[in-house]
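Encoded as structure tokens, the structure appears first; notes follow it.
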Amino acid sequence: MTVIEVNGLRKRYGGQVAVRDVSFSVEAGEIFGIVGPNGSGKTTSVECLTGLRRPDGGTIRVLGLDPARSGAELRRQVGVQLQESQLPDRLKVWEALDLYSSFYAEPADWRTLLEEVGLAEKRNTVFGRLSGGQKQRLSIALALVGSPRIAVLDELTTGLDPQARRDTWQLIRDVRDRGVTVVLVTHFMDEAERLCDRLAVVRAGEVVAIDTPANLVAGAEVPGVERPTLEDAVLALTTGPRSGEGESR
Ligand code: ADP
Ligand code: MG
């Protein structure tokens, strides 16, 4: 079952084209990654997916609904972790989770979530006193507190230390194993390789490839590199001259 369908998405900010032509679809139960250089339009694309921005063109269906029209309904079913989420500095960790759970008819148990993201001992700490990594983990917990069918996570592990990154990957796998579809924006290739079933590679607002990490590596043609890694493969797709035959389905 397809849960997300994006076709010919376009979005500009003033004269600046952020998303030129983005199309992809996500199947239920997948961990779907979006990778590409800074400024290639990843965040803008997922903001359109979640109804936070209105596209200039193209169509989006999330669980059959248009996020630009049915944002309120989708917010109940789609958990979002944004790249730069901010909360009031004086809000305590447990208060934030309690507040967010009150928005949902069937929230997850936030005490369990706190354990899972490793913030249990910070439950009484105010947001303004959390480290960058702790804020990040709180924002992941907040994205999951509504027991969403889809979780959209932008730069999930940026700012986390290596152990926290691994813990977070395991958390995301557990979430998926419970049946949640995950859309993950990342520019860490180890994360993309270990976590994602399929990847959309974006370059300057366009999708240049969609495939499994293994197939992207197998199909990579990187001059002078005998056994390319996923990073080599993605770099080859997103830098240098364009191949001119980039897939953008
Ligand atoms: P990514 O997440 O891949 O780094 P973004 O979607 O954040 O890319 O940005 C795509 C392009 O749009 C960039 O050139 C960025 O500078 C521009 N952009 C993003 N957000 C805004 C905004 N709110 N106003 C103006 N330009 C923006
Ligand atoms: Mg971004």
Side-chain angles (χ1 to χ4, degrees), residues 4-26 31-60 62 67-68 71 74 78-87 132-133 135-140 142-143 150-160 164-165 168-169 172 182-193 195-196 198-211 213 216 230-240 242 246-249:
I4 297 175
E5 185 117 43
V6 179
N7 260 305
L9 179 66
R10 287 185 287 118
K11 175 72 187 175
R12 60 163 70 214
Y13 300 105
Q16 162 105 35
V17 177
V19 177
R20 191 176 301 278
D21 181 11
V22 164
S23 305
F24 60 84
S25 55
V26 180
I31 302 181
F32 186 85
I34 302 178
V35 299
N38 275 331
S40 55
K42 305 181 299 295
T43 293
T44 302
S45 297
V46 296
E47 285 175 345
C48 290
L49 266 189
T50 52
L52 293 165
R53 288 199 191 277
R54 188 174 281 271
D56 297 329
T59 55
I60 304 179
V62 178
L74 279 177
V78 181
V80 185
Q81 182 236 341
L82 286 176
Q83 197 172 349
E84 283 160 25
S85 38
Q86 276 300 332
L87 286 168
K135 285 180 178 170
Q136 186 86 342
R137 283 183 274 159
L138 175 59
S139 73
I140 295 167
L142 292 174
I150 300 174
V152 177
L153 307 163
D154 194 354
E155 305 280 353
L156 175 71
T157 61
T158 300
L160 298 187
R165 293 182 71 212
T168 305
W169 293 344
I172 297 308
V182 178
V183 176
L184 181 72
V185 172
T186 183
H187 50 220
F188 294 117
M189 291 306 137
D190 55 346
E191 182 163 299
E193 193 150 37
L195 217 47
C196 297
R198 291 190 305 140
L199 297 174
V201 182
V202 292
R203 169 180 190 167
E206 292 179 327
V207 175
V208 291
I210 299 180
D211 216 327
L216 288 169
L230 182 62
E231 187 156 69
D232 295 324
V234 170
L235 272 175
L237 287 164
T238 57
T239 56
R242 287 177 188 248
E247 179 193 15
S248 62
R249 70 186 167 87

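Since we're looking at a predicted model, the values are computed, not measured. Numbers here simply count residues along the sequence, with the first being 1. Counting starts at 1 for both ligands and their atoms, following the listed order. Heavy-atom basis, side chains included; hydrogens, waters and symmetry copies ignored.
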Please state which protein non-hydrogen atom is closest to [atom] and give its distance, to 0.1 Å?
atom	answer
atom 27 (C) of ligand 1	Y13 CD1, 3.1 Å
atom 4 (O) of ligand 1	G39 N, 2.7 Å
atom 23 (N) of ligand 1	R53 NH2, 3.6 Å

Does the protein place a non-hydrogen atom closer than 4.0 angstrom to atom 16 (O) of ligand 1?
no
Within the 4.0 Å heavy-atom shell around [X], which atoms of ligand 1 are there?
X	answer
Q16	14 (O)
T44	5 (P), 6 (O), 9 (O)
N38	4 (O)
T43	1 (P), 2 (O), 6 (O), 7 (O)

Kindly identify the option in G205, G14, G41 whose heavy atom sits closest to atom 8 (O) of ligand 1.
G41
Contact between [X] and [Y] at the side-chain level, heavy atoms closer than 4.5 Å - yes or no?
X	Y	answer
S40	T238	no
V202	F24	no
V234	M189	yes
V182	V26	no
V183	I4	yes
I210	R198	yes
L156	T168	yes
L153	V185	no

Starting from the C-alpha separation in whole Å, work towards a yes-or-no answer on side chain to side chain contact (heavy atoms under 4.5 Å, CB included) for S45 and V6.
CA-CA 9 Å; S45 297; V6 179; over 6 Å; no
What do you reckon, does S45 have a nitrogen or oxygen under 3.5 Å from a nitrogen or oxygen of ligand 1?
no
Quick check: does A18 get an N/O under 3.5 Å from an N/O on ligand 1?
no
E191 versus T186, side-chain donor and acceptor atoms under 3.5 Å
yes
P37: heavy atom below 4.0 Å from ligand 1, yes or no?
yes
Residue-ligand contact S40/ligand 1, heavy atom below 4.0 Å
yes
Taking 2.8 Å as the strict upper bound, the Mg ion (ligand 2) has protein N, O or S neighbours numbering 2
Taking side-chain contact (heavy atoms from CB on, under 4.5 Å) as the criterion, tell me which of D56, V17, V22 meets it with K11.
D56
When every non-hydrogen atom of P213 is compared with those of A192, the smallest separation belongs to CG-O, 3.9 Å
